[in-house]
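Worksheet: the structure to be examined is printed underneath.
Hydrogens, waters and symmetry mates play no part in the numbers below; they use all other heavy atoms, side chains included. For clarity, every value in this text was computed on a predicted model and none was experimentally measured.
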Number of protein chains: 2
Amino acid sequence: MSKIKILIVEDEPLIAEDIRELLEQVNYQIVGVAYNKEEAYSLLNITKPDIALLDINLGDNTDGILIAETINEKYNIPFLYLTSYSSKLILDKVKHTFPMGYIVKPFDEANLFTAVEIALSNFQGIKKTVSFTIENINKTLPNKLTQREFEILSDIYNGLSNSDIAEKNFVSLNTIKTHVQKVYEKLDAHTRSATIVKVRELLNK
Amino acid sequence: MSKIKILIVEDEPLIAEDIRELLEQVNYQIVGVAYNKEEAYSLLNITKPDIALLDINLGDNTDGILIAETINEKYNIPFLYLTSYSSKLILDKVKHTFPMGYIVKPFDEANLFTAVEIALSNFQGIKKTVSFTIENINKTLPNKLTQREFEILSDIYNGLSNSDIAEKNFVSLNTIKTHVQKVYEKLDAHTRSATIVKVRELLNK
DNA sequence: TAAAATATCATCCCAACGGGTGATTTTCTA
DNA sequence: TAGAAAATCACCCGTTGGGATGATATTTTA
């Protein structure tokens, strides 16, 4: 089994090296140290870490929070905050990013180690539900749905009948039936129920 | 807003009092200190805490883990481990309980405070999906499903046609149709798709 | 601007679904 | 053990859904 790859985002070189040493001692692989937001994005792309440790304050901005938001949107990895600030104010500002941990400096090796281990383990355990968007659906399909077809799929997913959908869109029932046929074809499902199940599987896996 | 209610499970009275002081300083309410497993269960029932802090080793057993398992099964609250042990061995033993945090003693106020805050916040943020069982479905229904009807509902939920279900159960198609009618009646849905949507709503809310 | 993709609509056919009613057997329970 | 509840099955009927095929307008894009 290869080592766990960790990205450190920390603008104080001394602290960064301190963290690196602690973590390398316990057999993690530090794939990079980013000193600012741009470096963080670059290293996220290049090194594909398994987990990120984020200082909240980089320079004099709270850029760590922005990085966290980006990780939540585009990368599928857990992260910890590792920072000097523990005020209620700061905490309330970071809560919406759902960090897998929050460690206040100065910290010791044991707490850092356990936080990383628990974060990785819990993140695996969380069932990740993808949101119901045309991008997420199409990602898995050989023949992509058109925008219109996705709208019809959405209506099917929400239990509407063909005539419901026709009325809602001010088009004829036959038109909807044609769209539905295309949707079935592209999803490789041949009933409404099977279609809903298929969508559920796409979103929950 | 009333104070956050915290249950401490810790067999060392001195440490327990230490924790209590730290937390009461930052305006949490300690609703009880349990010195063993039985007290913990009792206090969980009586005091209805919002979060629990668990020592893993109570006496010379790892009863903290059992308490965590019980919390996961029967109580809908987050918990943190707060313990002296940070070995990989122990960690691997607790991971399956999905703690919202793991703090190694000795700890400082800042880390304890942030861990509690993040735990409570993240726990709120996690979309709790109820598992698809007859109990969970019936909980919300005025007219309860029978076991058989629940099985048919389950098949519908998984996209099976009436004849699929009939074959699977070695009964006639008409029998299934009758069951399906009862299911529709009890769920107040009148198509397969509407039924699936209804179940989804019951499970995700 | 011409070709391709998409959206619109139609007709035919048959299978599946949904609703109603009534009945018998099996199982549970007071 | 008698009555209630649940599971089984049947027949009828109208609606909706699903598959096939073909056609015309509209929009996108090379």
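Between Arg20(A) and Glu17(A) there is a salt bridge, with a side-chain nitrogen of the basic residue lying less than 4.0 Å from a carboxylate oxygen of the acidic one. Salt bridge annotation for Arg148(A)-Glu151(A): present, with a cationic side-chain nitrogen under 4.0 angstrom from a carboxylate oxygen. Using a 4.0 Å cut-off between charged nitrogen and carboxylate oxygen, Lys88(A) and Asp92(A) count as a salt-bridge pair. Salt-bridge formation is not detected for the pair Lys3(A)/Glu24(A): no Lys NZ or Arg NE/NH1/NH2 atom is positioned less than 4.0 Å from an Asp or Glu carboxylate oxygen. Using a cutoff of 4.0 Å between basic side-chain nitrogens and carboxylate oxygens, Glu10(B) and Lys105(B) are scored as salt-bridged.
Side-chain contact annotation: Ser172(B) with Thr175(B), donor-acceptor N/O pair under 3.5 Å present.
Between the CG atom of Leu173(B) and the P atom of dA15(C) there is a distance of 14 Å, rounded to whole Å. In this entry the distance linking NZ of Lys186(B) with P of dA7(D) reads 8 Å, nearest Å. For the pair Glu185(A) CD and dG18(D) C1', the interatomic distance rounds to 13 Å; values are reported in whole Å. Between the P atom of dT6(C) and the CG atom of Asn174(A) lies a distance of 21 Å, rounded to the nearest Å. Taking atom NE2 on His179(A) and atom C1' on dA10(C), their separation rounds to 14 Å, with Å as the unit. One atom, NZ of Lys182(A), and another, P of dT6(C), lie 8 Å apart when rounded to the nearest Å. Atom NZ of Lys177(A) is separated from atom C1' of dT15(D) by 11 Å (rounded to the nearest Å). Ile152(B) places its CD1 atom 11 Å from the P atom of dC9(D), with the value rounded to the nearest Å.
End-to-end axis angle of the helix from dT1(C)-dA30(D) to dA30(C)-dT1(D), from C1' rotation axes over five pairs per end: 60° (rounded to 10 degrees).
The stretch residues 161-190 of chain B participates, sequence neighbours left out, in no ring pair (Phe, Tyr, Trp, His ring centres under 6.0 Å) pair at all.
Nearest-nucleotide mapping onto DNA chain D: of Leu160(A) and Ser172(B), the residue sitting toward the 5' end is Ser172(B).
Between Thr175(A) and dT8(C), a side-chain N or O to OP1/OP2 separation shorter than 4.0 Å is absent. When the side-chain nitrogen and oxygen atoms of Thr146(A) are compared with OP1 and OP2 of dA5(C), none of them lie within a distance under 4.0 Å. For the pair Tyr184(A) and dG18(D), the criterion of a side-chain N or O lying under 4.0 Å from OP1 or OP2 is met. Asn162(A) has no side-chain polar atom (N or O) that falls below the 4.0 Å cut-off from OP1 or OP2 of dT16(D). Listed pair Arg148(B) / dT8(D) meets the phosphate criterion, a side-chain N or O lying under 4.0 Å from OP1 or OP2.
The side chain of Gln181(B) lies closest to dG18(C) when the candidates are dT8(D), dG18(D), dG18(C).
One can find a donor-acceptor pair under 3.5 Å joining the base of dC9(D) and the side-chain atoms of Thr178(B).
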